[in-house]
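Input: a single structure, listed below in structure tokens.
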Amino acid sequence: TISNSIFAVGGGLGINHRGTNVVVHTTIIEGFSRACVLTSGERSQVTLRNVIIRNCAIGLRVGYGRMNVTLDNAVVVNNKVGVWYGEDGVDNMGTLDIHGVLAIGNSDKNLKVYSDGVERTNTDRGSDNVRMRCFFVNTKSTKRTPKSKFSLPERMPQNPCRQPQIYLDHPECHIGVKVP
């Protein structure tokens, strides 16, 4: 278990998980050139709860193997790709459950999904192995009026080490990430 921690600006990977059960909660992971969190391996359970994942090339990368990964009550912001599931040319047998997650400001994609080794183009509602409930994204293609309002301050100049309070209220969902 990893809790009440900050992983920041350490090189290629923030957390590189392979093949064991792990729980990460109440943690900030930010500023890595390859991925904030990379998971791969056989038959493991990975839970990321109450986390902020930001400013990485890839926020969460769920690679090959038979892992069951849960991303719960999290903010995935300002990455190149927010959440990446699967591999090109590889049939991934694992699952990814996304619950109460806000993914905004990810420059290429908020969610990238490979199923049966092929990238899926329309992943707003998940896929066979990616299940979503209360997954909020920003997108220019959305034409309807949003039910929710959210903003994330760029900086907190008065107290730069203090993290912003993150809260989203939606008729069917609630996100309230609290980190150190």
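In this text the structure is predicted, and so the values were computed from the model without any measurement.
Note that the CG atom of Asn4 and the CD1 atom of Ile28 stand 10.5 Å from one another [nearest 0.5 Å]. Considering OG of Ser33 and CD1 of Ile58, their distance stands at 10.5 Å, rounded to 0.5 Å. Between atom CG of residue Asn50 and atom OG1 of residue Thr26 there is a gap of 4.5 Å, rounded to the nearest 0.5 Å.
The nearest pair of heavy atoms linking Leu71 to Val101 is O-CG2, 3.5 Å. Across all their heavy atoms, Ile29 and Cys36 have their closest contact at CG2-O, 3.3 Å. Residue Phe32 comes nearest to Phe7 through the heavy atom pair CE1-O, 3.5 Å, listed as atom of the first residue, atom of the second, then distance. The minimum heavy-atom distance between Ala57 and Lys80, with the atom names listed, is O-CB, 2.9 Å. Nearest heavy-atom pair across Asn110 and Phe135 is O-CZ, 4.4 Å.
The cluster map of Ile, Leu, Val, Met, Phe, Trp and Tyr, joined by side-chain heavy atoms under 4.5 Å apart, puts Val118 and Val113 in different clusters.
The side chain to side chain donor-acceptor pair (under 3.5 Å) check on Glu119 picks up Lys109, with sequence neighbours excluded. Legend: residues meeting side chain to side chain contact (heavy atoms under 4.5 Å, CB included) with Val23, ordered by chain and number and at least two apart, are Thr1, His25, Thr47. Residues satisfying the side chain to side chain donor-acceptor pair (under 3.5 Å) test with Asp72, not counting sequence neighbours, are Arg49.
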As a quick check of understanding, evaluate side-chain contact (heavy atoms from CB on, under 4.5 Å) for Val22 and Thr39, giving each step before the final call.
CA-CA 10 Å; Val22 68; Thr39 67; over 6 Å; no
Test side-chain contact (heavy atoms from CB on, under 4.5 Å) applied to Ile15 and Val24, step by step
CA-CA 10 Å; Ile15 297 174; Val24 178; 4.2 Å; yes
Show your working on side-chain contact (heavy atoms from CB on, under 4.5 Å) between Arg120 and Val130 and close with a plain yes or no.
CA-CA 11 Å; Arg120 300 299 177 210; Val130 179; over 6 Å; no
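Considering only heavy atoms from C-beta on, Glu87 stays 4.5 Å or farther from Ser40 through its side chain. Within the 4.5 Å cutoff, the side chain of Thr27 has heavy atoms near those of the Ile2 side chain. Using a 4.5 Å heavy-atom cutoff, the side chains of Leu102 and Val77 are not in contact. Counting heavy atoms from C-beta on, the side chains of Ile98 and Leu111 come closer than 4.5 Å.
At distances below 3.5 Å, at least one donor-acceptor pair connects side-chain atoms of Asn106 with backbone N or O atoms of Asn79. Judged by distance alone, with hydrogens and angles left aside, the side-chain atoms of Tyr114 form no donor-acceptor pair with the main-chain N or O of Trp84 at under 3.5 Å.
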Check residues 62-70 and write down every donor-acceptor pair under 3.5 Å in which the side-chain atom is one partner and the other belongs to a residue at least two apart or another chain.
residue: Tyr64; atom: OH; partner: Arg18; partner atom: NH1; Å: 2.8
residue: Tyr64; atom: OH; partner: Arg18; partner atom: NH2; Å: 3.2
residue: Asn68; atom: OD1; partner: Thr95; partner atom: OG1; Å: 2.7

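Grouping Ile, Leu, Val, Met, Phe, Trp and Tyr residues whose side-chain heavy atoms lie under 4.5 Å apart, directly or via other members, places Leu13 in a hydrophobic cluster with Leu38.
Residue pairs meeting the salt bridge (charged side-chain N to carboxylate O under 4.0 Å, His left out) criterion with at least one member in residues 96-106, sequence neighbours excluded: Asp97-Arg131.
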